[in-house]
Amino acid sequence: MKLKYYFTLLSLLSFMACSDDSPSTPDTPDQPDVPNSVEKLVTINAGKTYQTITGFGASDCWNPSYVGKYWTNSREKITELLFSSEIQAGSPKGIGLSMWRVNLGGGTAEQGDASDITDKSRRAESYLTNDLTLDWNRCEGQRYFLNRAKEFGCESIVLFSNTPPVQYTQNGKGFSNQGGVSNLKNDCYDDFAAYMGDVAQYYIDKGYPVTHISPVNEPQYNWDGGQEGSGWTNDEVARLARELDDALTERNLSTDILLGESGDWEYLYKTKDDANRSNVMSAFFTPGSSAYVGNLNHVKKLICGHSYWTDGTWDGMRSVRKQVAQAATQYGVDVWQSEWSMLGDNYSNTEFVGYDNATEMDIAFYMSRVIHNDLTVAGVSSWSYWTSMDVARWGHKNRFLLISLVPGGGINDNNDNIEKEGTFQPTATLWVLGNYSLFIRPGYQRINMQLTESLNFFGSAWLSPQGDKIVAVFTNMSSKNVRLSETHEGWSNEATSIRTYTTTNSKKLTEATVSAGESVLLEAESVTTVVYNLK
């Protein structure tokens, strides 16, 4: 987790071009020879290594609060889909998330309609009561998901905050009317820090792996309504981090402070919009800066950002992420990607079919592009999706969710029926994220893969800590099957067995075995994980 990143350009190999307008072939689970296929060269070099993965995760904002409490017939299966790593008879039960991001809500749920947040599902509970005591019976739904994450062996719990508790805000609300500065009362920095430390200690004492606290979310935005949030300047974030560092030290906790959560990647490395809320790496990690926190015990050389708004084109997203990697090397920090969903309307018409025409798989493919470039170009060591589950409203399909919910009583704008148990459906984004999260486990290290990449064909490779397994993830968005012609360098041994796990429009991480002497087949319009078990 503490490795520095070294950005390395992938060398290119020539390959046989394939046309995306050819008719696609049927799924071929037994991997027979397929006429409509092309060969692509790939070299996997285990001797050349990069970052080590900390985890893949998702957020419990906001509906797990209700699902965990009220959806008593569904919640067990939903948590299995998110956290289980078991593969039964060739079918994974879930995607094995190794990180779970838990919202420390501001108490707007207790305020109800007086919160002035009209969408019921966007209100969040807090453990802090109006008499400033802590009520551990609150947040029942979130506690259910926390407990299930622990049961399934999820390795990292990240507590994050969108707003200070309403008892500590200047306007008594969970959203701000302070503009670009913090909504936290000036005399409550230590109180807010103590509250976060108390919650962390409570769960750590119960055996939960609370590895990080993220005290501030997307400080570049003013968050003046609709959901919990607050603007913050870099100096205000640094002041809170110092108080939180003291609170964690007083409690003798090893939990680290996770800073950044920038609204997009560019805020981390350049002055943008507001100088007091951008160029975050420089502000936090340059000695002598008024916001310098690099000397705090609980602030490691780590920063996180969100992949929103900088993902509209293949070349554009790679350019931004290259600059993230360069800045990370300059300041000697690791980088996490802590939020992404398909937000906004800035997607290229030539690279995405558009929301109206998109299938769930189209959206999942686009997510795979972002994951791949965050991992291989930005060099992130952790990647998290935004909402693990939500109600698909306004034609959003699976843009903002892994699991789609339909409450009993139906869907409406304000989510008034979210307490009524209904139905749920895992989507293509869940299974494609699983192509990464289920197989690239904490401690796996990225290794060099050489192939000719395009926005429709790309891949990465990973080595297990024990050196006994290599995992490669390929996305083939073309309409032709691809046969891999592989060269292996730096492998301790060749594989004794090879299995593939394929996600398509009709498959959900479907397992297949590659017979001895056969080459790996990547189906048309698929994301495929190849697991090489070494001698």
Side-chain angles (χ1 to χ4, degrees), residues 26-31 53 55-58 64 67-68 71-100 144-156 209 360-361 364 368 385 388-389 398 401-405 423-444 462 464-466 468-474 495-516 518 520-523 526-534:
D27 290 333
T28 53
D30 296 323
Q31 300 203 353
I53 283 294
F56 287 88
V67 172
W71 292 43
T72 55
N73 295 320
S74 306
R75 62 188 185 180
E76 182 175 348
K77 178 60 178 178
I78 288 173
T79 51
E80 181 181 81
L81 286 167
L82 293 170
F83 300 119
S84 177
S85 297
E86 184 179 350
I87 299 174
Q88 188 176 68
S91 296
K93 289 186 173 182
I95 65 168
L97 293 179
S98 48
M99 182 174 289
W100 185 237
Y144 176 83
F145 275 82
L146 256 172
N147 187 57
R148 290 286 283 169
K150 177 186 172 186
E151 288 177 355
F152 279 109
C154 182
E155 297 186 30
S156 178
E360 282 194 0
M361 196 65 202
S368 187
Y385 194 78
S388 55
M389 66 200 70
N398 57 323
L401 51 87
L402 302 176
I403 299 171
S404 181
L405 306 173
T423 60
F424 67 92
Q425 184 65 43
T427 70
T429 40
L430 178 90
W431 299 115
V432 168
L433 179 56
N435 278 101
Y436 295 88
S437 61
L438 185 58
F439 304 99
I440 307 171
R441 305 303 299 171
Y444 273 58
W462 306 80
S464 68
Q466 297 79 20
D468 61 347
K469 189 174 294 185
I470 287 175
V471 169
V473 184
F474 296 93
T496 56
S497 65
I498 303 173
R499 287 186 174 86
T500 60
Y501 298 85
T502 300
T503 302
T504 66
N505 194 48
S506 60
K507 290 186 174 183
K508 303 170 183 177
L509 292 174
T510 300
E511 182 184 85
T513 299
V514 180
S515 301
E518 288 292 317
V520 172
L521 174 72
L522 309 176
E523 295 183 30
S526 72
V527 180
T528 301
T529 303
V530 186
V531 179
Y532 303 86
N533 295 297
L534 308 186

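On a predicted model such as this, the values are computed, not experimentally measured, just so you know.
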Decide side-chain contact (heavy atoms from CB on, under 4.5 Å) for Phe145 and Val67; before the verdict, give the C-alpha distance in whole Å, the side-chain angles of both, and the deciding distance to 0.1 Å.
-> CA-CA 9 Å; Phe145 275 82; Val67 172; 4.1 Å; yes

Going from OG1 on Thr503 to CG on Asn435, what distance comes out if it is rounded to the nearest 0.5 angstrom?
-> 3.5 Å

Short side-chain to backbone donor-acceptor contact, Asn398 and Glu360, under 3.5 Å | yes

Report the distance from atom CD of Glu86 to atom CG of Leu438, rounding to the nearest 0.5 Å.
-> 11.0 Å

Would you name the heavy atoms of Pro209 and Cys154 that are closest together and state the gap between them?
-> CG-O, 3.5 Å

Which atom names give the shortest non-hydrogen contact between Gly90 and Glu511, and what distance separates them?
-> O-CB, 3.1 Å

Can you tell if the side chain of Val527 reaches within under 4.5 Å of the side chain of Trp431, non-hydrogen atoms only?
-> no

How far apart are the closest heavy atoms of Gly68 and Arg75, and which atoms are they?
-> O-NH1, 2.6 Å

Between the CZ atom in Phe439 and the OG1 atom in Thr529, the distance rounded to the nearest 0.5 Å is 5.0 Å

Please answer whether the main-chain N or O of Glu76 pairs with a side-chain N or O of Thr79 as donor and acceptor at a distance below 3.5 Å.
-> yes

Spell out, as yes or no, whether a donor-acceptor pair under 3.5 Å connects the side chain of Arg148 to the backbone of Phe83.
-> no

Side-chain donor or acceptor of Thr504 paired with backbone N/O of Ser506 under 3.5 Å | yes

Validation row: Ser464, Arg441 side chains within 4.5 angstrom (heavy atoms) | no

Is the side chain of Thr429 donor-acceptor paired with the backbone N or O of Leu401 at a distance under 3.5 Å, no angle test?
-> yes

Can you tell me how far CD1 of Ile87 sits from OH of Tyr501, rounded to the nearest 0.5 angstrom?
-> 4.0 Å

For the pair Thr427 (side chain) and Leu402 (backbone), establish whether a donor and an acceptor sit closer than 3.5 Å, ignoring hydrogens and angles.
-> yes

Can you check whether Tyr444 reaches Lys469 side chain to side chain, under 4.5 Å on heavy atoms?
-> yes

Without hydrogens or angle criteria, can the side chains of Asn533 and Thr496 be said to hold a donor-acceptor pair below 3.5 Å?
-> no

Is the closest side-chain heavy-atom distance between Tyr532 and Val520 below 4.5 Å?
-> yes

Ring pair (Phe, Tyr, Trp, His ring centres under 6.0 Å) partners of Phe474, counting only residues at least two apart = none

Once you round to the nearest 0.5 Å, how far does CD1 of Ile78 lie from CG of Asn73?
-> 10.5 Å

List the atom of Val432, the atom of Ser368, and the distance in Å for their closest heavy-atom pair.
-> CG1-CB, 4.0 Å

Do the side chains of Ser156 and Pro442 get nearer than 4.5 Å, heavy atoms only?
-> no

List the atom of Lys93, the atom of Ser84, and the distance in Å for their closest heavy-atom pair.
-> CB-OG, 3.6 Å

Determine whether Leu430 and Leu82 make a side-chain contact, defined as any pair of heavy atoms from C-beta on separated by less than 4.5 Å.
-> yes

Hey, would you say the Trp71 and Phe424 ring centroids sit under 6.0 Å apart?
-> no

With rounding to the nearest 0.5 Å, note down the distance linking CD in Glu80 to NZ in Lys77.
-> 4.0 Å

Got a donor-acceptor contact below 3.5 angstrom from the Ser437 side chain to the Leu433 backbone?
-> yes

Under 3.5 Å, side chain of Ser98 to main-chain N/O of Phe56, donor-acceptor pair present?
-> yes

